[in-house]
Amino acid sequence: MRQELEDFVAQARWFGGKGRELTVSGVRRAGVLPGPDEDMAVAIELVEIAYADGESELYQVPLAYRRAEEPRLEHALVGVWEDPDFGWRHVYDAVHDRDAMARWLTAFVAEANGTADHREELVFHTLGGHDLDVTTHSTLFSGEQSNSSVAFGDDCLMKVFRKVTPGVNPDIQVHDVLTRAGSDHVAGLYGWLDTLDEGTDSVIQLAMLQQFLRTASDGWDLALNSVRNLLSEADLHADEVGGDFAGESARLGTALAETHATLAAEFPVERRSRADLRGLAELMRSRLAEAVEVVPGLAPYAERLGGLFDAVAGLDDVPVQRVHGDLHLGQTLRTVRGWKLVDFEGEPARPLAERLLPDSVWRDVAGMLRSFDYAAAVTERSYGEGDLSGVEQRAYRSREWAQRNRGAFVAAYAEASGTVPDPVLLDAYEADKAVYECVYEARNRPGWVSIPLTAVERLLT
Ligand SMILES: Nc1ncnc2c1ncn2[C@@H]1O[C@H](COP(=O)(O)OP(=O)(O)O)[C@@H](O)[C@H]1O
Ligand SMILES: O=P(O)(O)O[C@H]1O[C@H](CO)[C@@H](O[C@H]2O[C@H](CO)[C@@H](O)[C@H](O)[C@H]2O)[C@H](O)[C@H]1O
(Lines give C-alpha, C1' and ligand atoms only; values in the text may rest on other atoms or scores of the structure.)
(Ligands and ions follow the chains in the order given, each with its own letter.)
Protein backbone atom coordinates (compact mmCIF):
# COMPACT_ATOMS: atom_id res chain seq x y z
CA MET A 1 0.00 0.00 0.00
CA ARG A 2 2.77 2.44 0.93
CA GLN A 3 4.55 1.96 -2.39
CA GLU A 4 1.31 2.51 -4.35
CA LEU A 5 0.57 5.67 -2.35
CA GLU A 6 4.13 6.91 -2.83
CA ASP A 7 3.89 6.50 -6.62
CA PHE A 8 0.45 8.10 -6.66
CA VAL A 9 1.38 11.15 -4.54
CA ALA A 10 4.71 11.77 -6.28
CA GLN A 11 3.03 12.28 -9.69
CA ALA A 12 -0.07 14.17 -8.51
CA ARG A 13 -0.46 17.75 -9.81
CA TRP A 14 -1.34 18.95 -6.30
CA PHE A 15 1.80 17.49 -4.72
CA GLY A 16 4.00 20.37 -3.56
CA GLY A 17 7.23 18.39 -3.07
CA LYS A 18 8.01 17.59 -6.70
CA GLY A 19 11.65 17.02 -7.44
CA ARG A 20 12.43 16.06 -3.82
CA GLU A 21 13.41 12.56 -2.72
CA LEU A 22 10.53 11.19 -0.65
CA THR A 23 9.09 8.19 1.15
CA VAL A 24 5.69 7.56 2.69
CA SER A 25 6.55 7.44 6.38
CA GLY A 26 3.05 6.90 7.73
CA VAL A 27 -0.60 6.52 6.77
CA ARG A 28 -3.41 7.35 9.19
CA ARG A 29 -7.11 6.99 8.46
CA ALA A 30 -8.87 10.26 9.39
CA GLY A 31 -12.22 8.54 8.95
CA VAL A 32 -14.63 6.68 6.73
CA LEU A 33 -17.44 8.64 5.08
CA PRO A 34 -20.94 7.60 6.13
CA GLY A 35 -22.47 5.07 3.73
CA PRO A 36 -22.64 1.30 3.18
CA ASP A 37 -19.18 -0.33 3.22
CA GLU A 38 -20.10 -3.59 1.51
CA ASP A 39 -19.35 -2.77 -2.13
CA MET A 40 -17.50 0.50 -1.62
CA ALA A 41 -16.02 2.26 1.38
CA VAL A 42 -14.70 5.80 1.09
CA ALA A 43 -11.85 6.51 3.48
CA ILE A 44 -9.91 9.71 4.03
CA GLU A 45 -6.25 8.77 4.48
CA LEU A 46 -3.67 11.19 5.84
CA VAL A 47 -0.37 10.32 4.22
CA GLU A 48 2.85 11.49 5.83
CA ILE A 49 5.58 12.23 3.31
CA ALA A 50 9.14 12.29 4.61
CA TYR A 51 11.84 14.01 2.55
CA ALA A 52 15.52 13.11 2.40
CA ASP A 53 16.40 16.40 4.18
CA GLY A 54 14.40 15.37 7.27
CA GLU A 55 11.33 17.56 6.60
CA SER A 56 7.88 16.01 6.43
CA GLU A 57 4.42 17.00 5.18
CA LEU A 58 0.93 15.59 5.59
CA TYR A 59 -1.31 15.08 2.54
CA GLN A 60 -4.98 14.22 2.40
CA VAL A 61 -5.75 11.31 0.06
CA PRO A 62 -9.42 10.27 -0.09
CA LEU A 63 -9.69 6.75 -1.52
CA ALA A 64 -12.63 4.72 -2.81
CA TYR A 65 -12.15 1.09 -1.75
CA ARG A 66 -14.23 -0.87 -4.23
CA ARG A 67 -14.86 -4.61 -3.99
CA ALA A 68 -15.10 -4.95 -7.77
CA GLU A 69 -12.87 -3.51 -10.44
CA GLU A 70 -14.44 -0.42 -12.08
CA PRO A 71 -13.21 -0.12 -15.70
CA ARG A 72 -14.48 3.47 -16.17
CA LEU A 73 -12.15 4.52 -13.30
CA GLU A 74 -9.06 2.83 -14.73
CA HIS A 75 -7.31 6.23 -15.03
CA ALA A 76 -7.85 6.81 -11.29
CA LEU A 77 -6.64 3.41 -10.02
CA VAL A 78 -4.15 3.80 -7.15
CA GLY A 79 -3.66 0.06 -6.62
CA VAL A 80 -5.12 -3.24 -5.42
CA TRP A 81 -4.36 -4.23 -1.83
CA GLU A 82 -5.71 -5.85 1.29
CA ASP A 83 -7.02 -3.31 3.77
CA PRO A 84 -7.32 -4.40 7.43
CA ASP A 85 -10.90 -3.02 7.63
CA PHE A 86 -12.26 -3.74 4.15
CA GLY A 87 -10.23 -6.77 2.91
CA TRP A 88 -8.97 -7.04 -0.70
CA ARG A 89 -10.08 -3.99 -2.65
CA HIS A 90 -9.54 -2.09 -5.90
CA VAL A 91 -8.53 1.33 -4.65
CA TYR A 92 -9.33 4.50 -6.63
CA ASP A 93 -8.58 8.19 -6.26
CA ALA A 94 -11.97 9.15 -4.78
CA VAL A 95 -12.24 12.62 -6.32
CA HIS A 96 -12.68 10.96 -9.75
CA ASP A 97 -15.40 8.65 -8.47
CA ARG A 98 -18.95 10.09 -8.60
CA ASP A 99 -20.39 7.47 -6.24
CA ALA A 100 -17.67 8.25 -3.73
CA MET A 101 -18.11 12.02 -4.03
CA ALA A 102 -21.87 11.70 -3.49
CA ARG A 103 -21.07 10.56 0.06
CA TRP A 104 -19.50 13.91 0.92
CA LEU A 105 -22.54 15.78 -0.33
CA THR A 106 -24.97 13.44 1.44
CA ALA A 107 -23.05 13.96 4.69
CA PHE A 108 -23.23 17.77 4.34
CA VAL A 109 -26.97 17.56 3.60
CA ALA A 110 -27.52 15.29 6.62
CA GLU A 111 -25.64 17.78 8.79
CA ALA A 112 -27.74 20.66 7.46
CA ASN A 113 -30.97 18.70 8.07
CA GLY A 114 -29.94 17.65 11.56
CA THR A 115 -30.01 13.94 10.58
CA ALA A 116 -26.24 13.42 10.56
CA ASP A 117 -24.79 10.19 11.85
CA HIS A 118 -22.23 11.94 14.05
CA ARG A 119 -19.09 9.91 13.60
CA GLU A 120 -16.49 11.33 15.88
CA GLU A 121 -13.64 11.24 13.40
CA LEU A 122 -15.21 13.31 10.61
CA VAL A 123 -17.11 16.43 11.66
CA PHE A 124 -19.22 18.15 8.99
CA HIS A 125 -20.28 21.77 9.50
CA THR A 126 -22.85 23.76 7.55
CA LEU A 127 -23.59 27.46 7.62
CA GLY A 128 -27.29 27.52 6.65
CA GLY A 129 -28.96 29.91 4.25
CA HIS A 130 -28.66 27.57 1.24
CA ASP A 131 -30.49 24.32 0.45
CA LEU A 132 -27.94 21.91 -0.98
CA ASP A 133 -29.09 19.96 -4.03
CA VAL A 134 -28.41 16.31 -3.24
CA THR A 135 -29.47 15.11 -6.70
CA THR A 136 -26.43 16.58 -8.47
CA HIS A 137 -23.42 14.70 -9.89
CA SER A 138 -19.81 15.61 -9.18
CA THR A 139 -17.33 16.87 -11.77
CA LEU A 140 -13.65 17.14 -10.92
CA PHE A 141 -11.98 20.39 -12.01
CA SER A 142 -8.96 19.85 -14.18
CA GLY A 143 -6.16 22.38 -14.16
CA GLU A 144 -3.05 23.38 -12.31
CA GLN A 145 -4.19 23.32 -8.72
CA SER A 146 -2.62 22.85 -5.30
CA ASN A 147 -5.83 21.19 -4.10
CA SER A 148 -8.70 19.27 -5.74
CA SER A 149 -12.00 20.99 -6.51
CA VAL A 150 -15.18 19.12 -7.34
CA ALA A 151 -18.39 20.80 -8.56
CA PHE A 152 -21.76 19.28 -7.65
CA GLY A 153 -23.92 20.14 -10.65
CA ASP A 154 -24.41 23.90 -10.82
CA ASP A 155 -25.06 24.09 -7.12
CA CYS A 156 -21.87 24.01 -5.10
CA LEU A 157 -18.15 23.43 -5.21
CA MET A 158 -16.13 21.37 -2.76
CA LYS A 159 -12.43 21.98 -2.35
CA VAL A 160 -10.53 19.02 -0.91
CA PHE A 161 -7.38 20.39 0.71
CA ARG A 162 -4.36 18.27 -0.14
CA LYS A 163 -1.46 19.49 2.00
CA VAL A 164 -2.97 19.72 5.47
CA THR A 165 -1.60 21.09 8.72
CA PRO A 166 -3.10 20.90 12.20
CA GLY A 167 -4.77 24.24 12.95
CA VAL A 168 -7.13 26.66 11.29
CA ASN A 169 -7.25 26.61 7.49
CA PRO A 170 -7.03 30.25 6.34
CA ASP A 171 -9.22 29.64 3.27
CA ILE A 172 -12.13 28.36 5.40
CA GLN A 173 -11.56 30.97 8.08
CA VAL A 174 -11.54 33.96 5.70
CA HIS A 175 -14.49 32.65 3.62
CA ASP A 176 -16.43 32.13 6.84
CA VAL A 177 -15.75 35.67 8.06
CA LEU A 178 -16.36 37.35 4.68
CA THR A 179 -19.56 35.34 4.05
CA ARG A 180 -20.97 36.29 7.46
CA ALA A 181 -19.95 39.93 6.81
CA GLY A 182 -21.95 39.89 3.55
CA SER A 183 -18.96 40.56 1.28
CA ASP A 184 -19.80 40.83 -2.44
CA HIS A 185 -16.34 39.68 -3.46
CA VAL A 186 -16.24 36.01 -2.42
CA ALA A 187 -18.24 32.88 -3.22
CA GLY A 188 -20.45 32.24 -0.18
CA LEU A 189 -19.30 29.52 2.24
CA TYR A 190 -21.79 26.66 2.73
CA GLY A 191 -19.82 24.33 4.99
CA TRP A 192 -16.60 22.54 5.84
CA LEU A 193 -15.21 19.24 7.13
CA ASP A 194 -12.90 18.80 10.13
CA THR A 195 -11.12 15.95 11.85
CA LEU A 196 -8.95 15.86 14.95
CA ASP A 197 -5.20 15.42 14.74
CA GLU A 198 -4.23 12.24 16.55
CA GLY A 199 -1.15 13.53 18.34
CA THR A 200 -2.04 17.12 19.22
CA ASP A 201 -5.85 17.08 19.47
CA SER A 202 -5.78 20.12 17.22
CA VAL A 203 -8.29 20.33 14.38
CA ILE A 204 -7.29 19.42 10.80
CA GLN A 205 -9.55 21.08 8.25
CA LEU A 206 -10.10 18.78 5.29
CA ALA A 207 -12.59 20.32 2.88
CA MET A 208 -14.62 23.44 2.15
CA LEU A 209 -18.05 23.61 0.47
CA GLN A 210 -19.06 26.86 -1.19
CA GLN A 211 -21.25 28.57 -3.75
CA PHE A 212 -20.41 27.48 -7.30
CA LEU A 213 -19.91 30.55 -9.46
CA ARG A 214 -21.14 28.72 -12.52
CA THR A 215 -21.08 31.51 -15.07
CA ALA A 216 -17.79 33.01 -13.91
CA SER A 217 -14.81 33.56 -16.19
CA ASP A 218 -11.31 33.13 -14.85
CA GLY A 219 -9.44 36.47 -14.64
CA TRP A 220 -6.27 34.81 -15.94
CA ASP A 221 -8.00 33.52 -19.09
CA LEU A 222 -9.65 36.88 -19.69
CA ALA A 223 -6.31 38.67 -19.34
CA LEU A 224 -4.59 36.23 -21.75
CA ASN A 225 -7.38 36.82 -24.30
CA SER A 226 -6.87 40.53 -24.01
CA VAL A 227 -3.10 40.33 -24.59
CA ARG A 228 -3.63 37.92 -27.50
CA ASN A 229 -6.11 40.34 -28.99
CA LEU A 230 -3.61 43.17 -28.78
CA LEU A 231 -0.73 41.16 -30.25
CA SER A 232 -2.83 40.15 -33.24
CA GLU A 233 -3.41 43.85 -34.00
CA ALA A 234 0.20 44.81 -34.59
CA ASP A 235 -0.52 48.47 -35.37
CA LEU A 236 -2.88 49.33 -32.54
CA HIS A 237 -2.11 50.40 -28.99
CA ALA A 238 -3.53 48.70 -25.88
CA ASP A 239 -6.18 51.40 -25.41
CA GLU A 240 -7.32 51.13 -29.04
CA VAL A 241 -8.22 47.43 -29.33
CA GLY A 242 -11.61 45.91 -28.52
CA GLY A 243 -10.18 43.53 -25.96
CA ASP A 244 -8.73 46.28 -23.75
CA PHE A 245 -8.64 45.01 -20.17
CA ALA A 246 -7.89 48.24 -18.29
CA GLY A 247 -11.52 48.77 -17.20
CA GLU A 248 -11.55 45.27 -15.68
CA SER A 249 -8.15 45.85 -14.05
CA ALA A 250 -9.53 48.99 -12.44
CA ARG A 251 -12.62 47.13 -11.21
CA LEU A 252 -10.31 44.45 -9.80
CA GLY A 253 -8.39 47.16 -7.93
CA THR A 254 -11.64 48.43 -6.43
CA ALA A 255 -12.78 44.89 -5.50
CA LEU A 256 -9.48 44.25 -3.73
CA ALA A 257 -9.66 47.56 -1.82
CA GLU A 258 -13.22 46.74 -0.67
CA THR A 259 -12.17 43.23 0.38
CA HIS A 260 -9.23 44.65 2.35
CA ALA A 261 -11.60 47.09 4.07
CA THR A 262 -13.90 44.22 5.15
CA LEU A 263 -10.92 42.16 6.33
CA ALA A 264 -9.65 45.15 8.33
CA ALA A 265 -13.06 45.51 9.97
CA GLU A 266 -13.31 41.80 10.85
CA PHE A 267 -9.72 40.90 11.85
CA PRO A 268 -7.22 42.81 14.02
CA VAL A 269 -5.23 45.63 12.44
CA GLU A 270 -1.74 46.18 13.83
CA ARG A 271 1.16 48.48 13.11
CA ARG A 272 4.65 47.26 12.34
CA SER A 273 7.40 49.04 14.18
CA ARG A 274 10.91 49.60 12.84
CA ALA A 275 12.08 46.47 14.63
CA ASP A 276 9.28 44.42 13.00
CA LEU A 277 10.20 45.85 9.61
CA ARG A 278 13.79 44.82 10.14
CA GLY A 279 12.41 41.33 10.77
CA LEU A 280 10.39 41.50 7.54
CA ALA A 281 13.47 42.55 5.56
CA GLU A 282 15.40 39.64 7.11
CA LEU A 283 12.60 37.22 6.23
CA MET A 284 12.65 38.39 2.62
CA ARG A 285 16.43 38.03 2.59
CA SER A 286 16.26 34.51 3.96
CA ARG A 287 13.62 33.52 1.39
CA LEU A 288 15.99 34.87 -1.24
CA ALA A 289 18.94 32.89 0.13
CA GLU A 290 16.87 29.68 0.03
CA ALA A 291 15.64 30.49 -3.48
CA VAL A 292 19.19 30.98 -4.79
CA GLU A 293 19.92 27.38 -3.72
CA VAL A 294 17.05 26.15 -5.88
CA VAL A 295 17.42 28.64 -8.76
CA PRO A 296 21.10 29.52 -9.25
CA GLY A 297 20.06 32.00 -11.98
CA LEU A 298 18.99 34.35 -9.15
CA ALA A 299 22.54 34.59 -7.76
CA PRO A 300 23.71 37.53 -9.93
CA TYR A 301 20.79 39.63 -8.62
CA ALA A 302 20.99 38.58 -4.97
CA GLU A 303 23.00 41.54 -3.71
CA ARG A 304 20.82 44.19 -5.32
CA LEU A 305 17.64 42.38 -4.32
CA GLY A 306 18.95 42.37 -0.77
CA GLY A 307 19.25 46.15 -1.07
CA LEU A 308 15.54 46.43 -2.04
CA PHE A 309 14.58 44.37 1.01
CA ASP A 310 16.86 46.33 3.36
CA ALA A 311 15.11 49.56 2.34
CA VAL A 312 11.97 48.19 4.05
CA ALA A 313 13.87 48.24 7.35
CA GLY A 314 14.21 52.01 6.97
CA LEU A 315 10.42 52.59 6.94
CA ASP A 316 8.36 53.75 9.90
CA ASP A 317 5.18 52.33 11.27
CA VAL A 318 3.48 50.24 8.55
CA PRO A 319 -0.14 49.06 9.11
CA VAL A 320 -0.74 45.33 8.71
CA GLN A 321 -3.94 43.31 8.59
CA ARG A 322 -5.36 40.05 7.26
CA VAL A 323 -4.77 39.86 3.50
CA HIS A 324 -5.21 37.31 0.70
CA GLY A 325 -1.53 36.36 0.68
CA ASP A 326 -1.19 34.76 -2.78
CA LEU A 327 -3.22 36.98 -5.05
CA HIS A 328 -2.88 36.60 -8.80
CA LEU A 329 -5.23 36.72 -11.80
CA GLY A 330 -5.89 32.97 -11.48
CA GLN A 331 -7.50 33.71 -8.10
CA THR A 332 -10.04 36.12 -9.56
CA LEU A 333 -13.34 35.29 -11.21
CA ARG A 334 -15.43 37.71 -13.26
CA THR A 335 -19.14 37.14 -12.67
CA VAL A 336 -22.15 39.12 -13.86
CA ARG A 337 -22.15 40.58 -10.34
CA GLY A 338 -18.56 41.76 -10.50
CA TRP A 339 -15.19 40.33 -9.50
CA LYS A 340 -14.83 37.60 -6.86
CA LEU A 341 -11.58 36.57 -5.18
CA VAL A 342 -10.89 32.91 -4.42
CA ASP A 343 -8.35 30.81 -2.51
CA PHE A 344 -7.40 32.63 0.69
CA GLU A 345 -4.91 29.90 1.69
CA GLY A 346 -1.82 32.05 1.12
CA GLU A 347 1.28 30.81 -0.66
CA PRO A 348 1.10 27.00 -0.51
CA ALA A 349 4.83 26.64 0.20
CA ARG A 350 4.77 28.85 3.33
CA PRO A 351 4.31 27.42 6.84
CA LEU A 352 0.72 27.75 8.13
CA ALA A 353 1.65 29.94 11.11
CA GLU A 354 3.20 32.50 8.73
CA ARG A 355 0.17 32.47 6.42
CA LEU A 356 -2.18 33.39 9.27
CA LEU A 357 -0.19 36.48 10.27
CA PRO A 358 -1.30 39.97 9.36
CA ASP A 359 0.62 41.51 6.47
CA SER A 360 0.68 44.70 4.44
CA VAL A 361 -2.08 45.17 1.85
CA TRP A 362 0.72 45.93 -0.61
CA ARG A 363 1.61 42.22 -0.65
CA ASP A 364 -1.68 41.52 -2.45
CA VAL A 365 -1.32 44.54 -4.73
CA ALA A 366 2.20 43.36 -5.65
CA GLY A 367 0.88 39.83 -6.37
CA MET A 368 -1.55 41.25 -8.91
CA LEU A 369 1.13 43.44 -10.47
CA ARG A 370 3.26 40.34 -10.99
CA SER A 371 0.30 38.59 -12.57
CA PHE A 372 -0.27 41.31 -15.20
CA ASP A 373 3.40 40.90 -16.05
CA TYR A 374 2.93 37.10 -16.31
CA ALA A 375 -0.09 37.41 -18.62
CA ALA A 376 1.92 39.59 -21.00
CA ALA A 377 4.99 37.33 -20.87
CA VAL A 378 3.09 34.05 -21.28
CA THR A 379 1.22 35.32 -24.35
CA GLU A 380 4.35 36.74 -25.90
CA ARG A 381 6.24 33.46 -25.55
CA SER A 382 3.28 31.42 -26.85
CA TYR A 383 4.35 32.48 -30.38
CA GLY A 384 7.34 30.15 -30.00
CA GLU A 385 11.04 30.75 -30.52
CA GLY A 386 10.89 29.96 -34.23
CA ASP A 387 8.43 32.76 -35.00
CA LEU A 388 10.74 35.73 -35.38
CA SER A 389 8.42 37.86 -37.50
CA GLY A 390 7.21 40.74 -35.39
CA VAL A 391 9.15 39.62 -32.34
CA GLU A 392 10.18 43.15 -31.35
CA GLN A 393 6.71 44.53 -31.93
CA ARG A 394 5.20 41.81 -29.75
CA ALA A 395 7.73 42.48 -26.99
CA TYR A 396 6.91 46.19 -27.09
CA ARG A 397 3.14 45.73 -27.20
CA SER A 398 3.02 43.13 -24.41
CA ARG A 399 5.06 45.45 -22.13
CA GLU A 400 2.66 48.21 -23.00
CA TRP A 401 -0.29 45.96 -22.04
CA ALA A 402 1.32 45.06 -18.71
CA GLN A 403 2.07 48.71 -17.87
CA ARG A 404 -1.41 49.90 -18.80
CA ASN A 405 -3.16 47.26 -16.70
CA ARG A 406 -0.79 47.51 -13.76
CA GLY A 407 -1.37 51.27 -13.77
CA ALA A 408 -5.16 50.99 -13.98
CA PHE A 409 -5.24 48.42 -11.18
CA VAL A 410 -3.05 50.40 -8.75
CA ALA A 411 -4.78 53.71 -9.46
CA ALA A 412 -8.22 52.22 -8.78
CA TYR A 413 -6.95 50.47 -5.65
CA ALA A 414 -5.45 53.71 -4.34
CA GLU A 415 -8.62 55.66 -5.04
CA ALA A 416 -11.00 53.11 -3.49
CA SER A 417 -8.84 52.61 -0.40
CA GLY A 418 -7.81 56.26 0.00
CA THR A 419 -4.13 55.27 0.23
CA VAL A 420 -0.98 56.17 -1.63
CA PRO A 421 1.24 53.22 -2.60
CA ASP A 422 4.61 53.26 -0.86
CA PRO A 423 7.13 52.55 -3.66
CA VAL A 424 9.68 51.00 -1.27
CA LEU A 425 7.17 48.53 0.11
CA LEU A 426 5.60 47.81 -3.26
CA ASP A 427 8.98 47.13 -4.92
CA ALA A 428 10.10 44.90 -2.06
CA TYR A 429 6.87 42.87 -2.11
CA GLU A 430 7.03 42.57 -5.88
CA ALA A 431 10.63 41.39 -5.73
CA ASP A 432 9.82 38.96 -2.90
CA LYS A 433 6.95 37.54 -4.98
CA ALA A 434 9.16 37.18 -8.06
CA VAL A 435 11.73 35.31 -5.95
CA TYR A 436 8.97 32.99 -4.65
CA GLU A 437 7.78 32.48 -8.24
CA CYS A 438 11.28 31.45 -9.38
CA VAL A 439 11.17 28.56 -6.88
CA TYR A 440 7.53 27.75 -7.72
CA GLU A 441 8.33 27.57 -11.44
CA ALA A 442 11.54 25.58 -10.94
CA ARG A 443 9.51 22.95 -9.06
CA ASN A 444 6.34 22.96 -11.16
CA ARG A 445 6.96 24.49 -14.63
CA PRO A 446 10.74 24.67 -15.20
CA GLY A 447 10.24 26.16 -18.67
CA TRP A 448 8.70 29.26 -17.09
CA VAL A 449 11.51 30.22 -14.65
CA SER A 450 12.66 32.89 -17.06
CA ILE A 451 9.39 34.82 -16.55
CA PRO A 452 10.01 35.81 -12.91
CA LEU A 453 13.79 35.98 -13.53
CA THR A 454 13.24 38.59 -16.23
CA ALA A 455 10.95 40.47 -13.85
CA VAL A 456 13.68 40.49 -11.19
CA GLU A 457 16.09 41.98 -13.69
CA ARG A 458 13.54 44.62 -14.70
CA LEU A 459 12.77 45.52 -11.08
CA LEU A 460 16.45 46.23 -10.49
CA THR A 461 16.95 48.56 -13.46
N1 LIG B 1 -16.65 29.24 -6.04
C2 LIG B 1 -16.15 28.96 -7.24
N3 LIG B 1 -16.95 28.81 -8.32
C4 LIG B 1 -16.43 28.49 -9.54
N5 LIG B 1 -15.13 28.29 -9.76
C6 LIG B 1 -14.29 28.42 -8.72
C7 LIG B 1 -14.74 28.77 -7.41
N8 LIG B 1 -13.67 28.82 -6.58
C9 LIG B 1 -12.61 28.53 -7.33
N10 LIG B 1 -12.96 28.29 -8.61
C11 LIG B 1 -12.08 27.92 -9.73
O12 LIG B 1 -11.28 26.83 -9.33
C13 LIG B 1 -9.90 27.13 -9.54
C14 LIG B 1 -9.09 26.58 -8.39
O15 LIG B 1 -9.52 27.17 -7.19
P16 LIG B 1 -8.50 27.57 -6.05
O17 LIG B 1 -9.30 27.97 -4.86
O18 LIG B 1 -7.52 28.57 -6.57
O19 LIG B 1 -7.79 26.17 -5.80
P20 LIG B 1 -6.28 25.80 -5.38
O21 LIG B 1 -6.18 26.10 -3.92
O22 LIG B 1 -6.21 24.35 -5.67
O23 LIG B 1 -5.32 26.61 -6.23
C24 LIG B 1 -9.80 28.66 -9.63
O25 LIG B 1 -8.83 29.05 -10.53
C26 LIG B 1 -11.17 29.05 -10.13
O27 LIG B 1 -11.14 29.17 -11.54
O1 LIG C 1 -3.20 29.16 -7.23
P2 LIG C 1 -2.18 28.60 -6.29
O3 LIG C 1 -2.45 28.86 -4.86
O4 LIG C 1 -1.89 27.15 -6.55
O5 LIG C 1 -0.85 29.47 -6.62
C6 LIG C 1 0.35 28.92 -7.07
O7 LIG C 1 0.24 28.65 -8.46
C8 LIG C 1 0.13 29.78 -9.32
C9 LIG C 1 0.11 29.27 -10.76
O10 LIG C 1 -1.10 28.75 -11.05
C11 LIG C 1 1.31 30.74 -9.12
O12 LIG C 1 1.08 31.91 -9.90
C13 LIG C 1 2.07 32.26 -10.85
O14 LIG C 1 1.62 31.91 -12.16
C15 LIG C 1 0.42 32.58 -12.57
C16 LIG C 1 0.12 32.13 -13.98
O17 LIG C 1 -0.13 30.76 -14.04
C18 LIG C 1 0.62 34.09 -12.54
O19 LIG C 1 -0.60 34.75 -12.90
C20 LIG C 1 1.04 34.52 -11.15
O21 LIG C 1 1.31 35.92 -11.13
C22 LIG C 1 2.29 33.76 -10.75
O23 LIG C 1 2.63 34.09 -9.41
C24 LIG C 1 1.37 31.15 -7.66
O25 LIG C 1 2.50 32.01 -7.47
C26 LIG C 1 1.50 29.89 -6.79
O27 LIG C 1 1.50 30.23 -5.42
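Atoms within each ligand, like the ligands themselves, are counted from 1 in listed order.
- Of all the atoms in ligand 2, the ones that sit under 4.0 Å from a non-hydrogen atom of Gln331 are 1 (O), 2 (P), 3 (O).
- Which parts of ligand 1 touch Gln210 is read off a 4.0 Å heavy-atom cut-off, strictly below it: atoms 1 (N), 8 (N).
- With Lys159, Arg214, Arg13 as candidates, the residue nearest to atom 17 (O) of ligand 1 on a non-hydrogen basis is Lys159.
- Interface atoms of ligand 1 facing Asp218, defined by a heavy-atom separation under 4.0 Å, are 25 (O), 27 (O).
- No N or O atom of Tyr374 sits closer than 3.5 Å to an N or O atom of ligand 2.
- Annotation: Glu347 places no N or O atom under 3.5 Å from an N or O atom of ligand 2; distance criterion only.
- The backbone N or O of Val323 lies less than 3.5 Å from no partner atom in the side chain of His260, so there is not a single donor-acceptor pair.
- Compare Phe141, Phe212, Phe344 by their heavy atoms: the one nearest to atom 11 (C) of ligand 1 is in Phe141.
- Closest heavy-atom approach to atom 12 (O) of ligand 2 within the set His328, Glu345, Glu437: this belongs to His328.
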CA sep, side-chain torsions, deciding dist, call: Phe161, Trp14, ring pair (Phe, Tyr, Trp, His ring centres under 6.0 Å): CA-CA 9 Å; Phe161 294 106; Trp14 42 259; over 10 Å; no
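- The closest side-chain heavy-atom distance from Leu209 to Trp104 is not below 4.5 Å.
- Proximity of Asp171 to ligand 1, defined as any heavy-atom pair under 4.0 Å, is not found for any part of the residue.
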With side chain to side chain contact (heavy atoms under 4.5 Å, CB included) as the criterion, how do Thr379 and Trp401 come out once you've worked through the C-alpha distance, each side chain's angles and the decisive distance to 0.1 Å? CA-CA 11 Å; Thr379 313; Trp401 185 95; over 6 Å; no
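- Contact analysis puts Gly330 in contact with ligand 1, with a non-hydrogen atom separation below 4.0 angstrom.
- Residue contacts with ligand 1: Gln211 is placed with a nitrogen or oxygen under 3.5 Å of a nitrogen or oxygen of the ligand (distance criterion only).
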Show, in sequence, the C-alpha distance, side-chain angles and deciding distance for Arg251 and Glu248, and conclude whether the salt bridge (charged side-chain N to carboxylate O under 4.0 Å, His left out) test is met. CA-CA 5 Å; Arg251 282 186 278 278; Glu248 294 295 3; 3.3 Å; yes
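- When only interatomic distances are considered, the shortest N/O to N/O separation between Leu213 and ligand 1 falls below 3.5 Å.
- Atom 6 (C) of ligand 1 has its nearest heavy-atom neighbour, among Leu333, Val160, Val342, in Leu333.
- Ring geometry, His125 versus Trp192: the interplanar angle falls under 30°, so the pair is classed parallel (tilted spans 30 to 60°).
- Contacts of Arg350 with ligand 2, taken as heavy-atom pairs under 4.0 Å, are absent altogether.
- Here the options are Leu327, Asp326, Leu369, the test is side chain to side chain contact (heavy atoms under 4.5 Å, CB included), and the partner is Lys433; only Asp326 passes.
- Side-chain rings of Phe108 and Tyr190 stay apart, their centers remaining 6.0 Å or farther from each other.
- At a 4.0 Å cut-off, not a single heavy atom of Arg13 sits close enough to ligand 2 to count as contact.
- The 12-atom threshold is exceeded at OH of Tyr51, counting heavy atoms of other residues, nucleotides or ligands nearer than 6.0 Å.
- Under 4.0 angstrom from ligand 2, there are no non-hydrogen atoms of Val378.
- Inclusion of Trp448 in the set of residues having an N or O under 3.5 Å from an N or O of ligand 2 is not warranted.
- Annotation for ligand 1: atoms under 4.0 Å from non-hydrogen atoms of Gln331 are 18 (O).
- Surrounding CD of Gln11 are more than 12 heavy atoms belonging to other residues, nucleotides or ligands, all under 6.0 Å away.
- For Gln331 and His324, the side-chain atoms include no donor-acceptor pair closer than 3.5 Å.
- Polar contact check, Ser148 against ligand 1: no nitrogen or oxygen pair lies under 3.5 Å apart.
- The atoms of ligand 1 that sit less than 4.0 Å from any heavy atom of Asn147 are 20 (P), 21 (O), 22 (O).
- The shortest N or O to N or O distance between Trp220 and ligand 2 is not below 3.5 Å.
- Below 4.0 Å from some heavy atom of Ala187 lie the following atoms of ligand 1, by number and element: 1 (N).
- Within the 4.5 Å cutoff, the side chain of Leu73 has heavy atoms near those of the His96 side chain.
- Atom CD of Glu48 sits in a crowded spot, with more than 12 heavy atoms from other residues, nucleotides or ligands closer than 6.0 Å.
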